[in-house]
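A short worksheet on the structure shown next.
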Amino acid sequence: MQNNLILYNNLSKKKESFEPLHSPFVGMYVCGPTVYSDAHLGHARPAITFDLLFRYLTHLGYKVRYVRNITDVGHLENDADEGDDKIEKKARLEHLEPMEVVQKYMNTFYRNMDQLNTLHPSIEPRASGHIIEQIELIKLLIDKGYGYVVNGSVYFDVDTYSMKYEYGILSGRVLEELQSNTRVLDGQEEKKNPFDFALWKRASAEHIMRWPSPWSDGFPGWHLECSAMSCKYLGNEFDIHGGGMDLQFPHHECEIAQSTAANGKAPVKYWLHNNMITINGQKMARSLGNFITLDQLFSGNHPVLTQQYSPMTIRFFVLQAHYRSTVDFSNEALLASDKGLQKLMKAIETLSRLKPSSECNFDFEQFNQKCYEALDDDLNSPILISYLFEAVKFINSVADGTSTISEQVLESLKQLFKTFVTDILGLKEEASVRGGEALTGSLMNIIIDLRKSARESKDWPTSDKIRNYLKEAGIVLKDTKEGVEWERIE
RNA sequence: GGUCGGUUAACCGAGUGGCUAGGUAGUGGUCUGCAAAACCAUUUACGGCGGUUCGAAUCCGCCACCGACCUCCA
């Protein structure tokens with residue numbers, strides 16, 4: 001399979017030609033959410049980024065197996081005062097079973113992802129469903145001398161690992177620096193070295209989420225699930241591993257160490273990391289009060305928002321920035337994207353009504369090539385979108401009569417928009433259709449006809465009155481050359 | 001303090017050693033009874049200071065500011 005795709009490999013810190021290990025098959029693993037609260041913007045970015053990659057690879061003809069995990073075991077509160085299992089803490093607060101919490105937020109996550117029109121991965125494995133695989137992996141690591149047991153917990157021996165392999169190849173950490181920079185914290189006395197990490201943790205008495213193991217009743221270490229599940233579904237070596245930049249260290253570094261130690265070879269060929277999201281230039285954090293969930297964005301129910309933003313607007317906004325750049329959300333920026341997206345989608349509608357002529361002043365082949373070049377260059381969606389807007393301008397000028405398009409180019413351009421906008425960027429016309437749509441349509445026809453009569457007799461007061469009343473009811477009229485159009489005001 | 005990344009016009013956001021993406025907003029015009037849309041034209045740029053170069057926003061150095069990670073756990 002031929003392609004010109006170039007991806008930035010975070011392992012080599014360079015752009016590299018994409019060559020799958022077993023073309024046409026591609027294995028891709030992406031770190032999914034920890035399901036203990038509502039999905040927020042930070043979840044949307046990797047989901048959309050790797051959805052774009054999934055869609056593009058599929059479009060290029062690859063058979064992609066896309067695996068994204070759901071983390072539903074043993075999470076400690078990061079920003080809280082004391083270390084507490086995230087899911088359990090939430091469970092106590094809400095008087096729910098831990099798995100009830102998991103189910104609730106997993107449902108929300110899936111719903112939000114559907115709203116954002118991200119395709120479901122091929123497999124969405126849960127950590128809690130792969131305890132056995134994780135225990136087997138720990139056994140293997142202990143057998144090979146990379147794990148040691150202390151008080152029912154198992155830790156990964158980074159020192160031993162680094163004698164044979166290089167620890168820190170992804171994040172550029174140096175072991176000595178880690179040693180000297182590591183603060184002394186509670187709960188570390190069991191480890192040989194502070195940079196060792198847990199493979200299995202013995203559960204304390206109050207820890208509800210626990211599973212039996214050869215070492216203790218407990219739960220697997222965080223990094224382990226990704227090694228176990230990626231190996232199970234994609235093999236010891238696979239093509240692409242994705243996730244947020246914040247996961248690069250320690251999570252992905254540990255994942256590499258575990259998998260390499262277990263299998264004797266590096267697990268992943270291409271490491272891809274999406275950058276983070278800021279809000280009004282600040283990082284998004286609950287403590288800063290600028291934490292926005294996807295449901296809040298979709299409903300407009302948040303102090304920094306002046307209106308609601310549709311899932312497609314959010315998607316479009318994310319795609320307007322390159323995935324390796326930080327992206328700054330603000331009400332104003334979202335407003336701009338909202339308008340921009342409307343313009344794009346409207347042009348597609350206009351395109352479907354264009355009348356071809358014998359002349360044509362549009363170089364389709366060159367345009368088509370440019371679009372592919374944009375995506376081939378490390379998924380440069382903002383460039384692709386800028387090109388699409390060039391075509392939008394052309395489409396509108398054809399509609400305006402200042403440019404012409406041939407029948408052949410018209411068909412090609414329609415296909416191109418379908419390919420890039422619908423199939424690859426994953427943007428769709430949002431259903432503004434509500435109940436009683438058919439009735440509304442016929443009522444509108446009557447009203448428009450009445451107004452037409454008024455206008456024919458130059459009865460402007462009546463004509464304007466109708467338009468104003470409709471505006472109050474949320475409908476705007478547009479007098480075009482072809483006739484009267486109407487649409488709902490969002 | 002350490003490692004890495006960033007600083008582009010009103011806002012968001014690409015990009016390249018010389019040819020000033022794109023969206024939104026603004027301004028002027030065309031069209032229009034008015035309006036909306038569309039079309040045409042157009043104003044604000046590359047954090048600061050040095051250096052390399054015929055030429056740097058783009059390469060190098062220093063400084064300032066911002067961010068991620070540097071921790072048990074996820």
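The figures that follow rest on heavy atoms only: side chains count, while hydrogens, waters and symmetry mates do not. Lettering of chains follows the sequences in order, A, B, ..., and the numbering in each one begins at 1.
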So among A:Asp376, A:Asp378, A:Asp377, which one has a salt bridge (Lys or Arg N to Asp or Glu O under 4.0 Å) with A:Lys15? A:Asp377

Under the ring pair (Phe, Tyr, Trp, His ring centres under 6.0 Å) test, residues paired with A:Phe197 that sit two or more places apart: A:Phe156, A:His223

Residues passing the ring pair (Phe, Tyr, Trp, His ring centres under 6.0 Å) test with A:Tyr167, sequence neighbours excluded, are none

Considering only atom [atom1], compute the distance from [N] to [M] and round it to an integer number of Å.
N     : M     : atom1 : value
B:U43 : B:G5  : C1'   : 33 Å
B:G26 : B:A64 : P     : 40 Å
B:U32 : B:A37 : C1'   : 11 Å
B:G61 : B:U44 : P     : 33 Å
B:U7  : B:C49 : C1'   : 16 Å
B:C4  : B:C40 : C1'   : 47 Å
B:C62 : B:A45 : P     : 29 Å
B:A21 : B:C63 : P     : 33 Å

With a 4.0 Å cut-off, would you call [X] and [Y] a salt bridge?
X        : Y        : answer
A:Glu349 : A:Arg353 : yes
A:Asp479 : A:Arg451 : yes
A:Lys192 : A:Asp159 : no

[atom1] of [X] versus [atom2] of [N]: gap in Å, rounded?
X        : N     : atom1 : atom2 : value
A:Leu379 : B:A14 : CG    : C1'   : 15 Å
A:Phe394 : B:C40 : CZ    : C1'   : 16 Å
A:His223 : B:C73 : NE2   : C1'   : 8 Å
A:Arg451 : B:C34 : CZ    : C1'   : 10 Å
A:Asp400 : B:C40 : CG    : C1'   : 9 Å
A:Arg467 : B:C34 : CZ    : P     : 11 Å
A:Ile169 : B:U3  : CD1   : C1'   : 16 Å
A:Phe197 : B:C69 : CZ    : C1'   : 17 Å

Mind checking if A:Lys458 touches a base, just sugar-phosphate, or nothing, with heavy atoms under 4.0 Å? nothing

Pick base, sugar-phosphate or nothing for A:Gly401, based on heavy-atom distances below 4.0 Å to the nucleic acid. nothing

Set out, line by line, the N/O atom pairs under 3.5 Å between protein and nucleotides 22-26 of chain B.
from	atom 1	to	atom 2	distance (Å)
B:G23	O2'	A:Ala336	O	3.4
B:A25	OP1	A:Lys339	NZ	3.3

Any heavy-atom pair between the side chains of A:Leu344 and A:Phe316 that's under 4.5 Å? yes

Side chain of [X] - closest among [options]:
X        : options             : result
A:Asp328 : B:G13, B:C34, B:C73 : B:G13
A:Lys478 : B:A74, B:G13, B:A36 : B:A36
A:Tyr155 : B:A14, B:C39, B:C73 : B:C73

Between the base of B:C70 and the side chain of A:Arg173, is there a donor and acceptor pair under 3.5 angstrom? no

Side-chain donor/acceptor of A:Arg324 to base of B:G5, under 3.5 Å: no

Determine whether the aromatic ring centres of residues A:Tyr36 and A:Tyr105 are separated by less than 6.0 angstrom. no

Spatial distance of atom NE2 (A:His251) from atom SG (A:Cys31) [nearest 0.5 Å]: 3.5 Å

Quick one: on RNA chain B, does A:Leu199 or A:Tyr323 contact a more 5' nucleotide (nearest heavy atom)? A:Tyr323

For RNA chain B, what dot-bracket results from Watson-Crick or G-U pairs at under 3.5 Å, with [ ] for crossers and | for inter-strand partners? (((((((..(((.....[...))).(((((.......)))))....(((((..]....))))))))))))....

Nucleotide-resolved protein contact map, nucleotides 15-20 of chain B, B/S/- at heavy-atom distance under 4.0 Å: S-----

Decide side chain to side chain contact (heavy atoms under 4.5 Å, CB included) for A:Phe317 and A:Val327; before the verdict, give the C-alpha distance in whole Å, the side-chain angles of both, and the deciding distance to 0.1 Å. CA-CA 9 Å; A:Phe317 184 86; A:Val327 65; 3.4 Å; yes

Is it the case that more than 12 heavy atoms not belonging to A:Glu359 sit under 6.0 Å from its CD atom? no

Going by atom type alone, with no hydrogens or angles, which donor-acceptor pairs under 3.5 Å involve a side-chain atom of residues 384-391 of chain A and a protein atom two or more places apart or on another chain?
from	atom 1	to	atom 2	distance (Å)
A:Ser386	OG	A:Ile383	O	2.8
A:Glu390	OE1	A:Lys370	NZ	3.2

Do A:Gln320 and A:Ser337 get their side chains close enough for a donor-acceptor pair, meaning under 3.5 Å? yes

